Amino acid sequence: MPVVVVESPAKAKTINKYLGDDYTVLASFGHVRDLPPKDGSVDPETDFTMKWEVAAESKKHVKAIKDALASDPNLILATDPDREGEAISWHLLETLAPALKKGAEVSRVTFNAITKSAVTEAMANPRRIDQPLVDAYLARRALDYLVGFNLSPVLWRKLPGAKSAGRVQSVALRIIVDREMEIEAFKAREYWSVHARLATPRGDEYDAAMTVFGGKKLDRFDLATEEQAKLAVAAIASRDLSVASVASKPASRNPWPPFMTSTLQQEASRKLGLGARACMSAAQRLYEAGHITYMRTDGIDMAPEAVMAARDAIKARFGAEYLPKSPRMYKNKAKNAQEAHECIRPTDMWLSPDKLPVADKDQKALYDLIWKRTLASQMESARMERSTVEIGSADGQVGLRATGQVMLFDGFLRVYDQGRDDEEDEDGRRLPQIEQGEAARKVGGAFAAEYEKALGAGDALIESAASGQLSAPGLVADEAAAIAARRHFTQPPPRYTEATLVKRMEELGIGRPSTYASIIGTIQDRDYVRKEQNRLIPEDKGRLVTIFLLKYFPRYVSYDFTADLEGELDDISSGERAYREVLRRFWRDFSAALEGTSELRISEVLDAIDDALAPQLYPPRPDGSDPRECPLCHKGRLHLKTARSGGAFIGCTNYPECRFTRPISSPDAEVVGDTVLGLDDGDEISLKNGRFGPYVQRGEATEEQPKPPRASVPKGWDLASVDLERALALLALPREIGPHPEDGVPVEAGIGRYGPYVKHGAKYANLPDVDEVFTIGMNRAVEVLASKQVRGRAAAAAPLAELGEHPEGGPVQVMSGRYGPYVKWAKVNATLPRDLEPGAVTLERALELIAEKAAKSGKKPARKAAAKKPAAKKAAAKKPAAAKAKKTG
């Protein structure tokens with residue numbers, strides 16, 4: 001039987017179902033070889049020869065393939081249809097070549113979807129390995145290695161605390177840092193808008209916004225103060241209004257094209273809250289199960305048979321009126337035709353999400369998104385009517401505008417509407433029947449509720465006898481509350497989400513479909529970026545790395561240079577460039593840039609970064625004083641510093657006389673340093689500010705006591721409230737409550753890395769409130785510890801999910817552990833990847849994780865001994881007695 005090799009067991013299982021018993025289908029479990037993580041794996045001196053090594057966990061998979069080839073030497077490589085998949089096939093062939101018999105046939109097959117027809121057609125049309133695609137992979141891998149293994153040591157030596165730098169990851173980090181600096185430099189600008197609630201003679205109400213004041217068309221910032229807003233409100237209130245014109249015109253909205261990798265990741269983030277990694281993981285499972293086409297693509301075209309299937313499904317499900325007369329065609333934007341796969345679409349248009357045979361919620365939600373987007377892309381446009389009503393006063397001094405639209409036919413919107421990254425104004429209000437020339441009556445009391453809300457915080461209502469206006473912070477209205485002015489402030493550009501970062505990288509030409517998820521994951525794993533409320537925020541160390549690279553390696557974090565290099569890699573994959581030529585040119589300039597930093601001193605680097613970040617590190621002070629003057633001693637100047645333990649902070653140049661420090665990301669941090677709170681047993685008790693925040697300390701460092709006792713001030717405490725009593729209470733922690741009533745072991749209360757706690761022996765239980773640490777008694781402590789123990793036992797006893805039986809016997813379960821969820825089979829415990837939720841684990845995925853863990857640890861569950869027959873048991877029972885008699889005799 002010919003041996004077919006794919007990447008994963010799940011894919012192997014699906015393909016085996018289509019090929020039957022005539023083929024042996026095995027999984028390589030991804031790449032079987034890689035560059036050893038050490039210097040010299042890519043050697044520029046020998047024309048970039050690369051040393052490859054079979055990974056330890058891959059050796060058993062390679063052996064299984066070799067064993068299968070012993071009975072049938074024909075090898076069919078069926079890895080994914082992209083650059084990475086071609087590379088996996090190339091690595092397999094290179095590794096298996098010595099084991100192949102003379103005359104053995106080796107072929108390469110690819111399919112864009114794992115369906116019976118696609119697999120059968122691919123098997124009937126084998127080809128050779130596409131060497132240009134492999135060369136593009138080799139070039140990318142060598143470039144990433146050369147940058148990582150040569151630039152990272154420069155960072156370690158010149159910028160303490162930095163971890164490493166990557167070729168594309170550093171550029172993605174720069175995008176995030178640039179946006180953060182934009183936000184910090186942003187100055188908000190105030191402006192006001194004026195609105196009126198009006199009614200037709202028939203009593204139908206509608207809203208209108210002021211567009212003309214004093215006979216002049218209003219621009220956004222023309223009403224810049226509250227006084228101007230009050231004048232505008234008074235102008236409307238004092239005039240009768242009528243409808244000057246009514247204009248209506250038809251409009252339409254066309255559907256979006258079907259998904260490619262970047263747009264799928266963006267929509268999954270907006271609508272499902274899935275990060276790039278989680279999105280691609282769910283898509284990978286759907287692909288391997290045969291439900292969607294290949295999910296790493298920058299193509300948006302759809303196979304003709306798929307278009308017709310979509311049209312048939314639309315007509316049957318929604319009716320002929322939702323079907324355009326001719327199919328919609330979308331132009332493929334992929335530069336490289338060899339990698340211009342189809343869009344991401346369902347393999348079966350008739351398989352609706354409610355019938356998908358998948359239990360995983362992320363996969364179901366993602367399939368629902370893909371199915372709807374695909375059908376919508378072939379549906380009729382939405383048709384609507386947009387109306388604009390101009391209202392004004394007889395003297396032309398005041399003008400307002402009301403807009404709205406009426407949906408005439410929903411078209412593709414019946415199925416799908418694309419999400420938005422940030423709020424956008426899109427007027428979808430429906431206007432009543434309004435006629436030109438009719439009166440526009442102001443409706444009293446229209447904004448009363450808004451007044452109550454504005455005054456809810458206890459602000460005084462301001463009444464102006466001259467104008468008869470009422471105002472509250474951010475809101476001004478006429479006395480009858482028919483007209484209101486609202487205050488606004490311009491907003492800084494929003495921080496990137498994973499979705500908008502992918503969009504920006506795509507716009508810049510940085511990265512490719514197969515790399516977006518790993519790029520974003522890497523900069524988070526290195527702690528250069530953190531994610532809060534779905535927004536990406538650069539950490540201090542990420543900001544320092546970016547500024548360092550911009551200062552000393554500007555070309556290699558340039559958007560244009562990185563995009564051009566991606567274009568050269570595309571040229572390699574299409575056979576238009578030689579990959580070693582690209583590497584030679586890159587290395588010549590890059591090695592020269594490395595050489596230019598060899599004599600740099602750390603102090604020079606810190607000076608350069610300090611100057612570059614000065615506007616953000618030392619913003620102007622409200623009192624006009626020098627922002628770089630130390631606010632504690634008023635003698636030294638503030639400067640960027642690094643600690644041996646890693647990380648950076650702002651400190652005083654007058655050290656050690658002045659010990660003022662603050663984090664670099666908190667220029668407005670409260671000034672704290674060497675504030676003496678009082679004396680205790682002759683020791684000074686001080687409140688200080690360190691790199692990790694404020695703390696209290698007993699005494700000063702001496703030769704006998706280089707590290708005096710200290711304790712961090714808990715988050716949320718007002719520093720003004722930290723007096724001698726509270727400082728001594730903190731320094732006395734952990735505090736002994738007393739002996740436990742059951743075993744006499746002391747029970748303690750303290751504040752640790754994860755917050756306030758009580759401790760009994762080796763058992764810890766968290767407390768909900770920091771202040772309870774100082775007051776908790778034994779009864780409450782025993783109750784908290786018991787509650788934690790009960791919860792712990794319940795968690796240990798109850799798996800999060802039962803996934804089924806392992807092929808070798810025994811249940812496979814998802815468990816909750818101290819360090820996170822994991823899958824368990826016999827003695828093998830495999831931690832879940834960070835982007836895989838416990839509820840999303842399938843049996844197939846669990847088996848992969850268990851196999852990988854078992855390979856690394858060498859663990860194998862002990863097999864149960866076969867049950868003994870009754871006679872054997874009886875004989876076994878007699879043996880010890882006989883042996884004992886012999887011994888005593």
Side-chain angles (χ1 to χ4, degrees), residues 161 540 631-633 641 643-652 655-666 668-740 745-778 780-781 784-785 788:
D540 290 346
L632 184 63
C633 70
K641 297 177 179 290
R644 290 181 181 177
S645 59
F649 61 97
I650 301 299
C652 180
Y655 178 86
E657 286 75 16
C658 177
R659 296 173 179 269
F660 173 79
T661 62
R662 67 164 171 81
I664 71 172
S665 56
S666 302
D668 298 324
E670 187 169 352
V671 179
V672 179
D674 291 353
T675 304
V676 178
L677 300 174
L679 295 173
D680 181 66
D681 290 339
D683 293 328
E684 281 190 352
I685 307 299
S686 302
L687 174 63
K688 298 173 178 287
N689 195 26
R691 285 178 45 239
F692 303 107
Y695 63 94
V696 292
Q697 178 175 303
R698 176 184 290 275
E700 291 297 331
T702 61
E703 289 186 11
E704 295 79 17
Q705 185 178 252
K707 292 185 178 180
R710 60 177 56 175
S712 296
V713 176
K715 289 183 179 180
W717 273 23
D718 180 6
L719 294 182
S721 70
V722 181
D723 53 15
L724 178 62
E725 183 182 353
R726 299 195 90 181
L728 291 174
L730 284 170
L731 290 165
L733 294 178
R735 156 183 165 261
E736 184 172 327
I737 301 171
H740 195 283
V745 175
V747 177
E748 297 178 344
I751 302 173
R753 182 179 178 186
Y754 302 107
Y757 66 86
V758 288
K759 176 178 177 284
H760 172 227
K763 297 175 185 175
Y764 288 81
N766 293 107
L767 291 172
D769 183 12
V770 170
D771 290 334
E772 194 173 6
V773 168
F774 307 102
T775 59
I776 189 170
M778 183 59 69
R780 167 69 174 148
V784 171
L785 288 163
K788 170 68 180 292

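Remember, predicted model here, so these are calculated numbers, not experimental data.
Residue Leu767 holds its CG atom at 9.5 Å from CD1 of Ile751, rounded to the nearest 0.5 Å.
Shown here for Gly651 and Lys641, the closest heavy-atom pair between the two residues is C-CE, 3.7 Å. Taking each heavy atom of Pro739 and Met778 in turn, the nearest pair found is O-CE, 3.3 Å.
Between Phe774 and Trp717, the angle of the ring planes lies from 30° to 60°, which puts this pair in the tilted group.
Residues Pro694 and Ser712 are not in side-chain contact: their nearest non-hydrogen atoms beyond the backbone lie 4.5 Å or more apart. Between Leu731 and Gln697 there is no side-chain heavy-atom pair separated by less than 4.5 Å. In this structure the side chain of Pro714 never reaches within 4.5 angstrom of the side chain of Asp771, judged on heavy atoms. Side chains of Val747 and Leu785 form a contact here, defined as non-hydrogen atoms less than 4.5 Å apart. Taking the side chain as every heavy atom from C-beta outward, Leu687 and Tyr695 never approach each other to under 4.5 Å.
A search for side-chain contact (heavy atoms from CB on, under 4.5 Å) contacts involving Glu748 returns Pro734, Lys759, not counting sequence neighbours. Taking Arg735 as the reference, Leu733, Ile737, Ala749, Ile776 meet the side-chain contact (heavy atoms from CB on, under 4.5 Å) condition, with sequence neighbours excluded.
Of the possible donor and acceptor atoms, none in the side chain of Asp680 sits under 3.5 Å from a partner among the backbone N and O of Asp683. Between the side chain of Glu684 and the main chain of Ser686, no donor-acceptor pair closer than 3.5 Å is present.
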